S.K.: 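Can you keep this structure in mind? I'll have questions shortly.
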Protein chains: 2
Amino acid sequence: MRLLKTSEYAIRVLSHMARNEAERYSVSSLHRALGIPYKYLGRLMRKLTKAGLVDAARGKTGGYVITRPPGSIHLIEIVEAVEGLEDFDHCILGFEACSSDQPCPLHDQWGVQRDSIRRMLEEASLEDLALKFEEESEASD
Amino acid sequence: MRLLKTSEYAIRVLSHMARNEAERYSVSSLHRALGIPYKYLGRLMRKLTKAGLVDAARGKTGGYVITRPPGSIHLIEIVEAVEGLEDFDHCILGFEACSSDQPCPLHDQWGVQRDSIRRMLEEASLEDLALKFEEESEASD
DNA sequence: TGGATATTCTACCTCCAGGTGGGAAATGAG
DNA sequence: CTCATTTCCCACCTGGAGGTAGAATATCCA
Ligand code: SF4
Ligand code: SF4
């Protein structure tokens, strides 16, 4: 009952980058600031680039920058890019599909829970999470 | 956002066995009835035996039987036995712990979702799910 | 007393998430 | 031009989930 670690990484990175919408962040700076393994973070950033969430620039003054306003990027989009959303539609007994002919007592309850989490991820944006890192920077900058 | 496949298997098996509280089910009969890989199911049943959820008997008339009334066995106990409950307490940004000093906007929302699912698993018993298989048997017995 | 049927045990296998390492290629600063 | 800094790409490793194979052990029944 948790996101993939990589999804958590992605949300953490993008929330951090949402602080300064225009700044270019290098992998090494993100690694230092957020404690995510350097090499693995590089691969993740490449993935987020291909997903269109960030824009990459090589060379000395290169780095990554968010492509869209933080308020318009919702967590569901990040999760989808990293791990997909398949696991949000899954029978709690592991059946492929027993349709809704004779749903078991848990079918609806379980569906409500999944939908509730999904809705939360759809409504929460990077702007909401950015201030988390504002607070930290006040102390450590 | 789903349980481990093995947890789903376990819930499926135990719900099926909850039909007849006293009957001894062999691995092969459970395999045939529920479509769970035979060898893997054997290992799972051994695990459930060690967890005290079922009782094993060897020999010709052997098999597994539920140890307690289905109404008293709740799903949370099964999930705990199979995959543990660690993943139900986890920051959505993947941080170890930033405590509740300055929780981010998602901290409480995410906590509510986890607790809600946990409560569902605590309240749902095998008795509730047993009738799912009653219906099936009416058609195929 | 067998032999059939059951659980039990050990050892492997495959796949994938997470992680590491060594470079190649681009690009701005000097 | 040169070089440092950056993204990019490759191959590899590890641990655990899910699955498979083969035999050892217990037990009832005929
Ligand atoms: S009715 Fe129950 S068993 Fe069937 S798909 Fe829904 S949750 Fe699964
Ligand atoms: S406040 Fe936010 S970042 Fe901190 S533990 Fe809670 S969810 Fe994670």
Side-chain angles (χ1 to χ4, degrees), chain A residues 1-13 17 23-67 79 81-84 86-87 90 93-94 96, chain B residues 1-13 17 23-67 79 81-84 86-87 90 93-94 96:
Chain A
M1 251 350 85
R2 65 177 274 198
L3 298 176
L4 247 40
K5 203 170 187 179
T6 310
S7 296
E8 297 171 347
Y9 284 162
I11 296 174
R12 200 196 297 184
V13 166
M17 292 174 70
E23 180 173 346
R24 294 202 98 88
Y25 294 89
S26 70
V27 174
S28 56
S29 75
L30 291 171
H31 160 65
R32 255 179 281 115
L34 301 173
I36 302 170
Y38 177 73
K39 280 295 191 176
Y40 193 68
L41 179 55
R43 186 193 293 177
L44 172 57
M45 294 313 293
R46 240 172 290 141
K47 191 168 193 173
L48 296 180
T49 304
K50 275 171 187 153
L53 288 168
V54 298
D55 194 42
R58 300 216 261 191
K60 187 140 188 172
T61 60
Y64 296 93
V65 69
I66 300 192
T67 52
V79 173
V82 173
E83 63 176 289
E86 298 78 18
D87 286 357
H90 211 270
L93 294 181
E96 296 299 330
Chain B
M1 255 345 90
R2 63 177 277 199
L3 297 176
L4 246 41
K5 203 171 188 179
T6 311
S7 295
E8 296 171 348
Y9 283 163
I11 296 174
R12 200 196 295 184
V13 166
M17 292 175 71
E23 182 173 345
R24 295 203 96 89
Y25 294 89
S26 70
V27 173
S28 56
S29 75
L30 292 171
H31 160 66
R32 253 179 284 117
L34 302 173
I36 301 171
Y38 176 72
K39 282 292 192 178
Y40 193 68
L41 180 56
R43 184 192 293 177
L44 172 57
M45 294 313 292
R46 237 173 294 141
K47 191 169 193 172
L48 296 180
T49 304
K50 277 171 185 153
L53 287 167
V54 299
D55 193 44
R58 301 215 260 191
K60 188 144 188 172
T61 60
Y64 296 92
V65 69
I66 299 192
T67 52
V79 173
V82 173
E83 62 176 288
E86 297 79 19
D87 287 358
H90 212 270
L93 294 181
E96 297 298 332

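Just so we're on the same page: letters track the sequence lines, and every chain starts at 1. Keep in mind the model is a prediction, meaning the values are calculated, not measured.
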S.K.: Ignoring hydrogens and angles, does a donor from either the side chain of A:Arg58 or the base of D:dT7 sit under 3.5 Å from an acceptor on the other?
M.R.: yes
S.K.: Nearest-Å distance, CG (A:Leu4) to P (C:dC15)?
M.R.: 19 Å
S.K.: Should A:Tyr40 and A:Thr6 be marked as a side chain to side chain donor-acceptor pair (under 3.5 Å) after you check the CA-CA gap, both sets of side-chain angles, and the distance that decides it?
M.R.: CA-CA 9 Å; A:Tyr40 193 68; A:Thr6 310; 2.7 Å; yes
S.K.: Can you say whether a donor on the side chain of B:Arg43 sits under 3.5 Å from an acceptor on the base of D:dG19, or the other way round?
M.R.: yes
S.K.: Calculate the interatomic distance between A:His31 atom NE2 and C:dG21 atom P; express it in whole Å.
M.R.: 12 Å
S.K.: Whole angstrom is fine here: how far is it from CD in A:Glu83 over to P in C:dA17?
M.R.: 10 Å
S.K.: Grab the CG-C1' distance between A:Leu3 and C:dG18 for me, whole Å please.
M.R.: 16 Å
S.K.: Between D:dT6, C:dT8, C:dG28, which nucleotide gets closest to the side-chain atoms of A:Ser26?
M.R.: D:dT6
S.K.: Distance check needed: C:dT5 P versus B:Arg32 CZ, whole Å only.
M.R.: 11 Å
S.K.: When you measure from the side chain of A:Lys47 to the backbone of A:Val82, do you find a donor-acceptor pair of N or O atoms at a distance under 3.5 Å?
M.R.: yes
S.K.: For A:Ser7 and B:Gly59, find the nucleotide of DNA chain C closest to each by heavy atoms; which residue's nucleotide sits nearer the 5' end?
M.R.: B:Gly59
S.K.: With a cut-off of less than 4.0 Å, is there a side-chain N or O of A:Tyr9 near OP1 or OP2 of C:dG19?
M.R.: yes
S.K.: Short question: side chain of A:Arg24, backbone of A:Thr61 - any donor-acceptor pair under 3.5 Å?
M.R.: no
S.K.: From D:dG19, D:dT7, C:dT7, pick the nucleotide closest to the side chain of A:Tyr64?
M.R.: D:dT7
S.K.: What integer distance in Å separates B:Arg46:CZ from C:dT10:P?
M.R.: 9 Å
S.K.: OP1 or OP2 of C:dG19 less than 4.0 angstrom from a side-chain nitrogen or oxygen of A:Lys5, does that happen here?
M.R.: yes
S.K.: Report the distance from atom OH of B:Tyr38 to atom C1' of D:dG19, rounded to the nearest whole Å.
M.R.: 14 Å
S.K.: Mind checking the OH-CG spacing from B:Tyr64 to B:Leu44? Nearest 0.5 Å is all I need.
M.R.: 9.0 Å
S.K.: Taking only the side-chain heavy atoms of B:Pro37 (C-beta and beyond), determine which of D:dT20, D:dG18, C:dT7 contains the nearest atom.
M.R.: D:dT20
S.K.: Can you tell which of C:dC9, C:dG18, D:dC9 lies closest to the side chain of A:Lys39?
M.R.: D:dC9
S.K.: Show your reasoning for whether salt bridge (charged side-chain N to carboxylate O under 4.0 Å, His left out) applies to A:Arg2 and B:Glu86.
M.R.: CA-CA 10 Å; A:Arg2 65 177 274 198; B:Glu86 297 79 19; over 6 Å; no
S.K.: Is any side-chain nitrogen or oxygen of A:Thr6 closer than 4.0 Å to OP1 or OP2 of C:dA17?
M.R.: no
S.K.: Which of these nucleotides, D:dC9, D:dT27, C:dT7, is closest to any side-chain atom of B:Lys60?
M.R.: D:dT27
S.K.: What is the distance, rounded to the nearest whole Å, between atom CD of B:Glu8 and atom C1' of D:dA17?
M.R.: 13 Å
S.K.: Contact class for B:Gly42 (heavy atom, under 4.0 Å): base, sugar-phosphate, or nothing?
M.R.: nothing
